[in-house]
Protein chains: 2
Amino acid sequence: MVSSPNIPDIVIGRLPIYLRALTQMSQQGQTFTSSHELGQRLGISSAQIRKDLSLFGDFGKQGTGYQISHLLTQLKQILQVNHEWPMIIVGAGDLGRALAHYRGFVSRGFRVVGVFDNDPAKIGMGNGDWQVYGMDQMVSFIHKRRVKIAMLAVPAETAQEVSDRLVDAGIRAILSYAPITLVVPSGVHVQYIDPVMHLQRMTYYLKSDER
Amino acid sequence: MVSSPNIPDIVIGRLPIYLRALTQMSQQGQTFTSSHELGQRLGISSAQIRKDLSLFGDFGKQGTGYQISHLLTQLKQILQVNHEWPMIIVGAGDLGRALAHYRGFVSRGFRVVGVFDNDPAKIGMGNGDWQVYGMDQMVSFIHKRRVKIAMLAVPAETAQEVSDRLVDAGIRAILSYAPITLVVPSGVHVQYIDPVMHLQRMTYYLKSDER
DNA sequence: TAGATTGTTAATCGATTAACAATC
DNA sequence: TAGATTGTTAATCGATTAACAATC
């Protein structure tokens with residue numbers, strides 16, 4: 001089943017978690033798993049895992065559970081990461097460069113194909129996959145390479161403006177590291193990563209006398 | 001009100017979002033806001049914002065809304081970021097160094113005070129706040145500086161082992177960038193950042209003919 | 001005062017879980 | 001077969017929203 005209607009977004013959010021755990025199991029040589037085992041490992045109930053997966057098809061077998069390789073194939077297809085997505089990074093500061101050098105994208109469906117920054121000193125840096133271009137080349141690059149995904153690693157002050165340009169150029173998904181809420185047209189997807197928000201969520205639970 | 005019982009975790013997760021937006025409003029010179037305005041900005045219903053905040057106290061006024069400075073003070077107190085938390089980073093690769101150089105921690109309640117790595121070539125690097133130490137000094141450093149929070153930027157293969165050592169040394173909150181689920185004792189908090197999971201969540205919604 | 005907006009209740013909505021027949 | 005585990009239903013649980021009296 002390629003795509004089903006009316007799947008809750010909260011379920012979609014769990015599929016990459018399943019995919020990640022299954023990949024790890026597979027790498028360790030495991031060939032079958034059960035909803036119970038997977039749930040134990042992830043802190044999710046087995047009923048929830050079965051229910052989530054059954055929204056997309058009957059991937060398991062009574063008595064034996066799920067064949068990991070088959071489930072991996074199915075999940076990658078559902079999430080559309082069975083083929084590689086080209087991706088650009090905007091901002092070649094510390095964070096942008098760390099992302100550009102990150103080795104974990106390719107095996108999971110993504111490849112950085114370009115980095116954009118205004119600093120002339122950075123233009124031309126790169127590796128086999130990407131190099132740093134000036135911001136003035138961003139829009140034509142997106143068109144030419146048909147890029148649909150961008151990672152945003154620019155300061156908060158310019159993030160909205162850059163986002164507007166990305167959307168105009170055809171970008172449909174933005175992973176933003178800028179700590180502000182972006183305004184985008186419907187149909188454009190945005191996800192945010194802000195480490196401080198995760199930290200603040202944890203300090204709530206820490207005893208203050210331990211600070 | 002310092003701390004209330006039985007607050008759902010999902011509410012705690014929204015408080016940093018409110019805090020971030022209110023900080024931005026405050027920086028732009030705004031002194032009052034309403035649940036409606038804040039909700040519009042964040043894509044959250046006004047009823048939910050009022051309900052969330054009312055779990056901790058009566059911070060608003062009928063007719064006029066919320067005084068931003070007062071609400072900021074309260075939220076910082078609730079999240080315990082009205083004082084600064086010292087933090088260490090384990091792993092001085094591209095990501096660890098990008099985090100160590102990130103300017104956004106201090107103004108929001110956190111300060112990097114040390115970075116740990118096994119590579120002798122990296123030891124001694126640093127700035128006014130932190131320098132890179134060998135892993136063999138990690139445990140004593142955590143004790144001496146009474147550090148409770150660590151950011152984990154090591155490869156997936158060593159993440160669990162490092163996590164165990166951190167917890168033994170007294171770390172109570174871990175922000176992990178390693179793409180595996182860590183096993184920690186109850187009472188230790190873990191949050192995960194994995195950019196690929198965010199990307200995969202978005203590709204589900206992208207039309208495949210646009211790839 | 002009149003208008004605006006809170007805090008809170010009750011209703012609604014949606015997500016999770018328990019349980020089990022089906023079946024490998 | 002006997003044991004294990006799925007997919008699914010119904011019940012439970014929890015979160016969100018609508019509505020409004022209170023009141024600034």
Side-chain angles (χ1 to χ4, degrees), chain A residues 1 4-19 21-22 25 30-75 78 201 204-205, chain B residues 1 4-18 21-22 25 30-75 78 181 201 204-205:
Chain A
M1 187 167 304
S4 309
N6 303 326
I7 306 290
D9 181 62
I10 197 163
V11 173
I12 302 304
R14 282 192 292 263
L15 299 186
I17 302 174
Y18 302 157
L19 179 55
L22 291 163
M25 288 175 171
Q30 197 176 337
T31 55
F32 277 86
T33 188
S34 66
S35 59
H36 181 74
E37 184 190 41
L38 193 55
Q40 278 256 301
R41 179 165 183 151
L42 297 173
I44 293 175
S45 80
S46 61
Q48 179 155 87
I49 289 175
R50 291 197 301 280
K51 191 148 211 273
D52 284 352
L53 296 177
S54 72
L55 291 172
F56 299 96
D58 289 7
F59 302 139
K61 235 182 220 172
Q62 287 100 325
T64 52
Y66 301 89
Q67 189 184 354
I68 291 176
S69 62
H70 180 240
L71 195 47
L72 280 173
T73 304
Q74 296 295 320
L75 285 175
I78 293 163
R201 188 172 184 155
Y204 172 81
Y205 296 102
Chain B
M1 188 166 302
S4 309
N6 302 327
I7 307 289
D9 182 61
I10 197 163
V11 174
I12 303 304
R14 282 191 292 262
L15 299 185
I17 301 174
Y18 302 157
L22 289 162
M25 287 175 172
Q30 196 175 340
T31 55
F32 278 86
T33 189
S34 65
S35 59
H36 181 75
E37 184 189 42
L38 192 55
Q40 278 255 303
R41 180 164 181 150
L42 297 173
I44 293 175
S45 79
S46 61
Q48 179 156 86
I49 290 175
R50 291 198 301 279
K51 192 149 211 276
D52 285 351
L53 296 177
S54 72
L55 290 171
F56 299 95
D58 290 6
F59 303 139
K61 233 183 224 172
Q62 288 99 325
T64 53
Y66 301 90
Q67 190 185 353
I68 292 175
S69 63
H70 180 241
L71 195 47
L72 280 172
T73 303
Q74 296 294 322
L75 285 176
I78 292 164
T181 303
R201 189 173 184 153
Y204 171 81
Y205 296 102

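No experiment lies behind these values; they were computed from the predicted model shown. Lettering of chains follows the sequences in order, A, B, ..., and the numbering in each one begins at 1.
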* Asked: In chain order, what residues pass the side chain to side chain contact (heavy atoms under 4.5 Å, CB included) check against A:Thr64, with sequence neighbours excluded?
  -> A:Lys61
* **Interatomic distance, A:Tyr66 OH vs D:dG7 C1' [rounded to whole Å]** => 7 Å
* Terminal axis angle for the helix from C:dG3-D:dC24 to C:dC24-D:dG3, five pairs an end, nearest 10 degrees -> 20°
* Student check: side-chain heavy atoms of A:Met25 and A:Leu38 closer than 4.5 Å -> yes
* Under-4.0 Å side-chain N/O to phosphate OP1/OP2 contact, B:Ser35 with C:dT6 -> yes
* **Partner set under ring-ring contact (aromatic ring centres under 6.0 Å, His included) for A:Phe32, not counting sequence neighbours** => none
* Structure fact -> Contacts of A:Ser69 meeting side chain to side chain donor-acceptor pair (under 3.5 Å) (sequence neighbours excluded), chain-then-number -> A:Gln67
* For atom CD1 of A:Ile49 and atom P of D:dT8, their distance in whole Å -> 16 Å
* Asked: Who are the side chain to side chain contact (heavy atoms under 4.5 Å, CB included) partners of B:Thr73, not counting sequence neighbours?
  -> none
* **nucleotides 15-24 of chain C: protein proximity per nucleotide (B base, S sugar-phosphate only, - neither; heavy atom, under 4.0 Å)** => SBBBB--BBB
* **Test side chain to side chain donor-acceptor pair (under 3.5 Å) applied to A:His36 - qualifying residues, sequence neighbours left out** => none
* To do: Only pairs at least two apart or in different chains count here, so list each salt bridge (charged side-chain N to carboxylate O under 4.0 Å, His left out) that has a residue in residues 34-50 of chain B.
  => none
* To do: Report which part of the nucleic acid B:Ser46 touches: base, sugar-phosphate, or nothing (heavy-atom distance under 4.0 Å, all strands).
  => nothing
* Which residues share a salt bridge (charged side-chain N to carboxylate O under 4.0 Å, His left out) with A:Asp58, sequence neighbours left out -> none
* Side-chain heavy atoms of B:Leu71 within contact of B:Tyr18, under 4.5 Å -> no
* Interatomic distance where CD belongs to A:Glu37 and P belongs to D:dT6 [whole Å] -> 10 Å
* Starting at atom CG of B:Leu38, determine the distance to atom P of C:dT6, rounded to an integer number of angstrom. => 10 Å
* Please report, rounded to the nearest Å, how far the C1' atom of D:dT8 is from the CG atom of A:Asp58. => 10 Å
* Between atom CG in B:Leu53 and atom P in C:dT8, what is the gap in whole Å? -> 12 Å
